[in-house]
Colleague: 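Okay, here's the structure, questions in a sec.
As the structure lists them, so they are numbered: ligands from 1, and atoms in each ligand from 1. Position 1 is the first residue of the sequence; numbering continues from there. These numbers come from the heavy atoms of this one structure, side chains and all, not from hydrogens, waters or symmetry mates. Computed from a predicted model, the values in this text were never measured in an experiment.
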Amino acid sequence: MKLKEKLAEKIPAVQARYKGLIKEYGANKIADVTVAQCAGGMRGIKSLLTDISYLDPNEGIRFRGYTIPETLEALPKREGAEIPLVGGFYYLLFTGEIPTLEEAEEVEAEWKARGKVPQYVFDVIEAQGKDTHPMTLFTLGVLSMQRESKFAAKYAEGMTKAEYWEPMFEDSMNMMAKLPAIAAYVYRFKYYGDKPAPSDPNLDWGSDFANMMKIENLEYRELAKLYFILHSDHESGNASAHTAHLVASTLSDAYFGWAGGLCALAGPLHGLANQECLKWIMGLMDKFDGVPTEEQIDKFAWDTLNSGQVIPGYGHAVLRKTDPRYTSQREFALKHCPDDPVFKTVSVVYKVVPDILVKHGKAKNPWPNVDAHSGVLQQYYGVKEYDFYTVLFGIGRALGVTANLTWDRAMGQPLERPKSITTDMLEKLAKGE
Ligand code: HAX
């Protein structure tokens with residue numbers, strides 16, 4: 001069944017369950033909030049609802065109940081491909097069902113049909129100039145397409161709440177279809193001063209990104225699909241997904257929502273960490289002229305910590321074990337580039353840094369996250385421009401975010417509006433006054 005038809009079939013039951021929960025149990029407590037949570041970034045407060053993915057601190061992410069290995073195993077692939085079609089993965093995120101190859105191909109075909117990027121998007125990017133950060137170029141490209149929004153147009157015409165999900169879905173499909181071409185344009189414009197390769201009608205969405213980027217090694221097509229799947233969603237409380245959810249809860253559309261999310265992704269504690277991470281690794285390799293020893297890494301890591309900086313790619317706000325997205329990329333590297341010196345360095349860092357962070361005694365999680373591994377693979381295939389890595393993250397994360405935004409509207413989730421208090425009030429509450 002086509003993705004949109006499947007969604008239409010599923011929405012009434014989910015909506016009834018959601019409304020029923022609020023009506024019947026709305027006043028029941030599910031958690032308390034501590035002083036530390038109120039004053040400290042709302043860590044762990046259960047206050048967002050999503051069925052797209054769930055992040056267990058020890059096990060890592062599950063997409064619609066599937067671990068990463070289960071997801072990669074279960075989803076349909078094209079003949080000869082190592083990694084499944086991203087269109088099929090999108091179907092899973094939206095519906096919770098593993099699609100057939102035909103259903104996955106239908107999403108891919110829809111993306112192809114909607115993939116042409118209007119020229120004004122490229123004009124906006126070029127007007128900024130090459131010395132602008134690629135995340136700014138990419139975000140502006142996304143934001144400039146807001147004038148295409150079906151949701152905004154329908155809202156202006158007047159639509160009922162029950163209809164909201166449909167134009168949100170259309171915006172999601174339209175935006176997803178174009179993100180790879182916009183990112184490839186940013187890449188070629190900024191670093192090479194030329195244009196991306198034309199889209200190839202025979203390639204799937206992920207592989208076509210690799211083609212438009214002009215990366216010659218065909219293995220990069222498989223990596224592109226893997227990368228986008230791994231970066232797609234991490235519950236809805238992470239800063240970029242949460243920002244998009246908050247923005248769109250005002251009934252602004254998917255373009256506004258994801259432009260906001262991208263701004264959050266651009267911070268070094270979030271998506272920018274992949275750029276920081278490879279920079280740190282290359283600095284380490286430069287200093288010791290190749291793959292460093294464990295002792296050399298030990299010294300370098302302590303120097304970083306003693307100068308008051310974090311070790312990029314390590315630690316996490318929720319995870320308390322090695323991120324399975326790290327493990328999945330490591331497995332890809334073991335298969336495709338086991339002898340790459342940067343990969344070897346990253347592997348030795350993995351042996352040394354967790355113990356150092358434990359001794360350092362601050363980070364609650366001493367283990368690597370997704371960003372500790374993503375740059376290594378990119379540089380291996382020739383994408384050596386670190387500051388582009390967050391753009392790649394931005395393509396992938398949009399998959400989960402747009403699935404969430406569509407479901408937010410389908411369920412009728414309201415405007416988000418937490419309550420703030422003053423320090424005086426917090427002190428009184430804390431002391432039980
Ligand atoms: N190196 C050094 N110190 C670290 C650290 C690291 N890798 N990770 C955490 N800490 C420190 C924190 O800075 C904090 O110190 P202060 O008390 O002085 O402020 C302390 O340990 C407690 O932090 P935490 O509770 O363990 O971690 P947070 O939930 O506050 O932050 C971060 C989670 C991911 C931001 C953090 O671990 C970090 O800065 N890591 C390095 C940057 C990074 O890899 N970011 C990418 C995360 C994955 C992601 O979202 N990708 O998009």
Colleague: What is the closest protein heavy atom to atom 18 (O) of ligand 1, and at what distance does it sit?
Modeller: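 So the nearest neighbour among protein heavy atoms is Lys362 NZ, 2.7 Å.
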Colleague: Please determine if Arg221 forms a cation-pi arrangement with Tyr381, meaning its NZ or CZ atom is less than 6.0 Å from the six-membered ring centre and no more than 45° off the ring axis.
Modeller: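 The answer is no; the distance or angle limit is not met.
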Colleague: Among all protein heavy atoms, pick out the one at the shortest distance from atom 43 (C) of ligand 1; state its residue, atom name and that distance to 0.1 Å.
Modeller: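 For atom 43 (C) of ligand 1, the nearest protein heavy atom comes out as Ala273 CB, 3.6 Å.
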Colleague: What is the closest protein heavy atom to atom 5 (C) of ligand 1, and at what distance does it sit?
Modeller: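 For atom 5 (C) of ligand 1, the nearest protein heavy atom is Ala363 CB, 3.8 Å.
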Colleague: Is there at least one pair of N or O atoms, one from Pro312 and one from ligand 1, spaced under 3.5 Å apart?
Modeller: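 No, since none of the N or O atoms of Pro312 sits under 3.5 Å from an N or O of ligand 1.
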Colleague: Is there a protein heavy atom at a distance of less than 4.0 Å from atom 47 (C) of ligand 1?
Modeller: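 True for atom 47 (C) of ligand 1.
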Colleague: Please state which protein non-hydrogen atom is closest to atom 27 (O) of ligand 1 and give its distance, to 0.1 Å?
Modeller: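 For atom 27 (O) of ligand 1, the nearest protein heavy atom is His316 O, 4.5 Å.
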Colleague: When you compare ligand 1 with Ile311, is there at least one nitrogen or oxygen pair between them that comes in under 3.5 angstrom?
Modeller: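 So ligand 1 has an N or O lying under 3.5 Å from an N or O of Ile311.
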Colleague: Which one of Leu3, Asp204, Leu85 satisfies the side-chain contact (heavy atoms from CB on, under 4.5 Å) criterion with Val107?
Modeller: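 Of the listed residues Leu3, Asp204, Leu85, the side-chain contact (heavy atoms from CB on, under 4.5 Å) partner of Val107 is Leu3.
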Colleague: Hey, looking at atom 31 (O) of ligand 1, which of Lys364, His231, Arg43 has the closest heavy atom?
Modeller: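 Answer by nearest heavy atom: Arg43.
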Colleague: Against heavy atoms of Gly271, which atoms of ligand 1 measure under 4.0 Å?
Modeller: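 Every atom of ligand 1 under 4.0 Å from some heavy atom of Gly271: 52 (O).
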Colleague: Any protein heavy atom lying closer than 4.0 Å to atom 12 (C) of ligand 1?
Modeller: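 No; the ligand atom in question lacks any protein heavy-atom contact below 4.0 Å.
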Colleague: Indicate whether the side chain of Arg114 and that of Asn174 have a donor and an acceptor atom separated by less than 3.5 Å.
Modeller: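 Yes.
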Colleague: Compile the donor-acceptor pairs under 3.5 Å between side chains in residues 307-314 and protein atoms, sequence neighbours left out, one pair per line.
Modeller:
unit_1, atom_1, unit_2, atom_2, d
Ser307, OG, Asp303, O, 3.2
Ser307, OG, Thr304, O, 2.8
Ser307, OG, Gln309, NE2, 3.1

Colleague: Within the 4.0 Å heavy-atom shell around Leu357, which atoms of ligand 1 are there?
Modeller: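 Atoms satisfying the 4.0 Å criterion: 1 (N), 2 (C).
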Colleague: I want to confirm something. Looking only at heavy atoms, which of Thr390, Val310, Leu272, Leu319 is nearest to atom 3 (N) of ligand 1?
Modeller: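 Looking at heavy atoms only, Val310 sits closest to atom 3 (N) of ligand 1.
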Colleague: Regarding Asp408 and Thr406, is there a side-chain donor-to-acceptor distance under 3.5 Å anywhere?
Modeller: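 No pair is found: no donor N or O on one side chain lies under 3.5 Å from an acceptor on the other.
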Colleague: Would you say Asp371 has any N or O atom under 3.5 Å from an N or O of ligand 1, going by distance alone?
Modeller: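 Yes, there is a polar N/O contact under 3.5 Å.
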Colleague: Under a heavy-atom criterion of less than 4.0 Å, does Asn238 contact ligand 1?
Modeller: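 Flag not set, Asn238 not near ligand 1.
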Colleague: Classify the angle between the aromatic ring planes of His231 and Phe393 as parallel (below 30°), tilted (30 to 60°) or perpendicular (above 60°).
Modeller: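 Ring orientation of His231 relative to Phe393: perpendicular.
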Colleague: Taking non-hydrogen atoms only, is Ala317 closer than 4.0 angstrom to ligand 1 via side chain, backbone, both or neither?
Modeller: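 For Ala317, the contact with ligand 1 is made by both the backbone and the side chain.
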Colleague: Can you see which heavy atom on Met145 is nearest to which on Met175, and at what distance?
Modeller: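 Distance-wise, the nearest heavy atoms are CE-CG, 4.5 Å.
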Colleague: Show me the donor-acceptor pairs, under 3.5 Å and distance only, between side chains in residues 411-418 and residues at least two apart or in other chains.
Modeller:
unit_1, atom_1, unit_2, atom_2, d
Gln413, NE2, Leu49, O, 3.3
Glu416, OE1, His245, NE2, 3.1
Glu416, OE2, His242, NE2, 2.7

Colleague: Ring of Phe189, cation from Lys130 - is the NZ or CZ under 6.0 Å from the centre and inside 45° of the axis?
Modeller: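 Yes, cation above the ring, under 6.0 Å and within 45°.
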Colleague: Show the numbers, then the answer: is there a side-chain contact (heavy atoms from CB on, under 4.5 Å) between Tyr389 and Gln379?
Modeller: CA-CA 10 Å; Tyr389 296 166; Gln379 65 80 37; 3.8 Å; yes
Colleague: Output yes when the distance from some N or O of ligand 1 to some N or O of His270 is under 3.5 Å, and no in every other case.
Modeller: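 Yes - when backbone and side-chain N and O of His270 are compared with those of ligand 1, one distance drops under 3.5 Å.
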Colleague: Is it the case that ligand 1 has an N or O less than 3.5 angstrom from some N or O of Asn365?
Modeller: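 For ligand 1, there is no N or O atom that lies under 3.5 Å from one belonging to Asn365.
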Colleague: Nearest heavy atom to atom 7 (N) of ligand 1 wins, so pick from Phe393, Trp280, Tyr314.
Modeller: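 It is Tyr314 whose heavy atom sits nearest to atom 7 (N) of ligand 1.
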Colleague: Checking contacts here: is it the side chain or the backbone of Asn274 that comes within 4.0 Å of ligand 1, counting heavy atoms only? Could be both or neither.
Modeller: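 Contact part for Asn274 vs ligand 1: neither.
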Colleague: Mind telling me whether His373 and Phe343 have parallel, tilted or perpendicular rings, with 30° and 60° as the class edges?
Modeller: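 Tilted: the ring planes of Phe343 and His373 meet at 30° to 60°.
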Colleague: Distance only, no hydrogens: is a donor on one side chain within 3.5 Å (strictly under) of an acceptor on the other, for Arg325 and Asn369?
Modeller: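 The criterion, which ignores hydrogens and geometry beyond distance, is not satisfied for Asn369 and Arg325.
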Colleague: A cation-pi test, strictly: NZ or CZ of Arg62 under 6.0 Å from the centre of the six-membered ring of Tyr66 and no more than 45 degrees from its axis. Yes or no?
Modeller: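 Pair Arg62/Tyr66 does not count as cation-pi.
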Colleague: Considering only heavy atoms, which of Leu269, Leu265, Asp323, Ile356 lies nearest to atom 39 (O) of ligand 1?
Modeller: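 The nearest heavy atom belongs to Leu269.
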Colleague: If you count the atoms of ligand 1 from 1 in the order shown, which ones are under 4.0 Å from a heavy atom of Gly313?
Modeller: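 With Gly313 as reference, the close atoms of ligand 1 come out as 43 (C), 44 (O).
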